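Accompanying notes for the structure given below.
Predicted model, so just to flag it, every value in this text is computed and none were measured.
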Amino acid sequence: MASTACFIIVSRNDIPIYEAEVGSAPKEEAAHQHQFILHAALDIVQDLAWTTSAMFLKAVERFNDLVVSVYVTAGHTRLMLLHDSRNEDGIKSFFQEVHELYIKILLNPLYLSGSRITSSHFDTKVRALARKYL
């Protein structure tokens with residue numbers, strides 16, 4: 001697993017609906033810095049998403065030794081990962097499998113689209129995928 005990894009799902013309305021520190025536990029200041037870096041990269045993602053038909057946008061932003069990789073769904077939900085890993089194939093596989101989990105959440109008739117994902121099952125699966133691929 002990457003020593004540093006922060007994963008976030010942002011709805012099409014720029015509202016974070018899921019957040020998880022999936023690497024080693026950062027200090028409180030580092031966790032806030034990770035969120036700031038990911039939110040700052042949203043503008044870049046907004047521009048890039050309209051210039052390509054690819055869902056996996058790879059590395060869109062760098063900050064010191066950290067990289068922001070992004071996967072954009074067909075509904076313009078952004079899956080964003082801040083990491084220090086160089087395993088691009090693993091990151092792509094992670095995004096694809098989390099996207100499948102996200103689709104299953106959307107298919108749940110009790111889930112209101114765009115609201116926070118609070119499912120402990122979803123959280124457990126995402127963390128297991130992070131251990132597997134990152």
Side-chain angles (χ1 to χ4, degrees):
M1 177 181 275
S3 61
T4 300
C6 179
F7 176 68
I8 188 170
I9 299 176
V10 182
S11 73
R12 66 179 307 140
N13 300 327
D14 293 338
I15 299 169
I17 57 175
Y18 176 80
E19 297 178 43
E21 292 286 340
V22 292
S24 59
K27 296 178 182 172
E28 182 81 17
E29 306 86 43
H32 291 298
Q33 183 184 36
H34 294 170
Q35 291 175 359
F36 179 76
I37 295 167
L38 286 167
H39 284 88
L42 278 173
D43 291 334
I44 296 167
V45 174
Q46 184 83 15
D47 294 338
L48 282 176
W50 294 106
T51 61
T52 181
S53 61
M55 295 176 100
F56 181 49
L57 301 182
K58 301 181 182 176
V60 297
E61 176 79 324
R62 296 186 189 285
F63 181 81
N64 294 338
D65 60 337
L66 299 174
V67 179
V68 177
S69 294
V70 179
Y71 184 94
V72 181
T73 69
H76 294 286
T77 299
R78 279 79 35 110
L79 284 66
M80 303 176 73
L81 180 69
L82 178 69
H83 59 92
D84 58 4
S85 172
R86 305 289 180 246
N87 181 6
E88 194 170 291
D89 291 333
I91 292 168
K92 183 177 182 179
S93 296
F94 170 75
F95 278 140
Q96 289 171 334
E97 290 201 31
V98 170
H99 185 206
E100 288 178 24
L101 289 173
Y102 177 66
I103 289 171
K104 289 177 184 176
I105 289 284
L106 290 176
L107 292 174
N108 181 346
L110 300 176
Y111 176 74
L112 180 62
S113 183
S115 63
R116 283 195 75 73
I117 298 172
T118 57
S119 168
S120 60
H121 179 71
F122 181 83
D123 185 58
T124 303
K125 291 274 193 179
V126 168
R127 292 177 189 279
L129 289 171
R131 282 191 299 278
K132 180 178 178 182
Y133 290 114
L134 303 180

Taking every heavy atom of Ser69 against every heavy atom of Phe95, the minimum-distance pair comes out as O-CZ, 3.4 Å

Looking at CG of Asp84 and CG of Asp65, how far apart are the two atoms once the value is rounded to the nearest 0.5 Å? 6.0 Å

How is the hydrophobic cluster of Ile103 composed, in terms of its other members, when Ile, Leu, Val, Met, Phe, Trp and Tyr link through side-chain heavy atoms under 4.5 Å apart, directly or indirectly? Leu107

Rounded to the nearest 0.5 Å, how far does CD1 of Ile105 lie from CG of Leu110? 11.0 Å

Ile117 versus Tyr102: any side-chain heavy-atom pair under 4.5 Å? yes

Candidates Ile9, Val72, Leu42 - the one meeting side chain to side chain contact (heavy atoms under 4.5 Å, CB included) with Met80: Leu42

May I ask you to test the Tyr71-Leu81 pair for a side-chain heavy-atom distance under 4.5 Å? no

Determine the minimum heavy-atom distance between Gly75 and Arg12, stating which atoms define it. O-NH1, 3.4 Å

Backbone N or O of Pro16 within a donor-acceptor pair of the Arg116 side chain at under 3.5 Å? yes

Which residues share a side chain to side chain contact (heavy atoms under 4.5 Å, CB included) with Asn13, sequence neighbours left out: Ser11, Ile15

Euclidean distance, Arg78 CZ relative to Leu57 CG, rounded to 0.5 Å: 10.5 Å

Looking only at side-chain N and O atoms, does Thr73 offer a donor or acceptor that is under 3.5 Å from a partner on His99? no

Could you tell me if the side chain of Val126 sits less than 4.5 Å from the side chain of Phe94, heavy atoms only? yes

Are Val68 and Val45 side-chain neighbours, meaning at least one heavy-atom pair lies under 4.5 Å? no

Find out whether Tyr111 and Ser119 are in side-chain contact, i.e. whether some heavy atom of one side chain is under 4.5 Å from a heavy atom of the other. no

Classify the ring geometry between Tyr18 and Phe122 as parallel (under 30°), tilted (30 to 60°) or perpendicular (over 60°). perpendicular

Quick check: do Phe56 and Ile91 have side-chain heavy atoms less than 4.5 Å from each other? yes

Leu112 to Ser115 - nearest heavy-atom pair and separation: O-OG, 2.6 Å

Going hydrophobic residue to hydrophobic residue with side-chain gaps under 4.5 angstrom, can you get from Val67 over to Leu82? no

Verify side-chain contact (heavy atoms from CB on, under 4.5 Å) between Asp123 and Arg127, making sure each step is shown before the conclusion. CA-CA 6 Å; Asp123 185 58; Arg127 292 177 189 279; 3.1 Å; yes

State which residues pass side chain to side chain contact (heavy atoms under 4.5 Å, CB included) with Asp89; sequence neighbours excluded, sorted by chain then number. Asn87

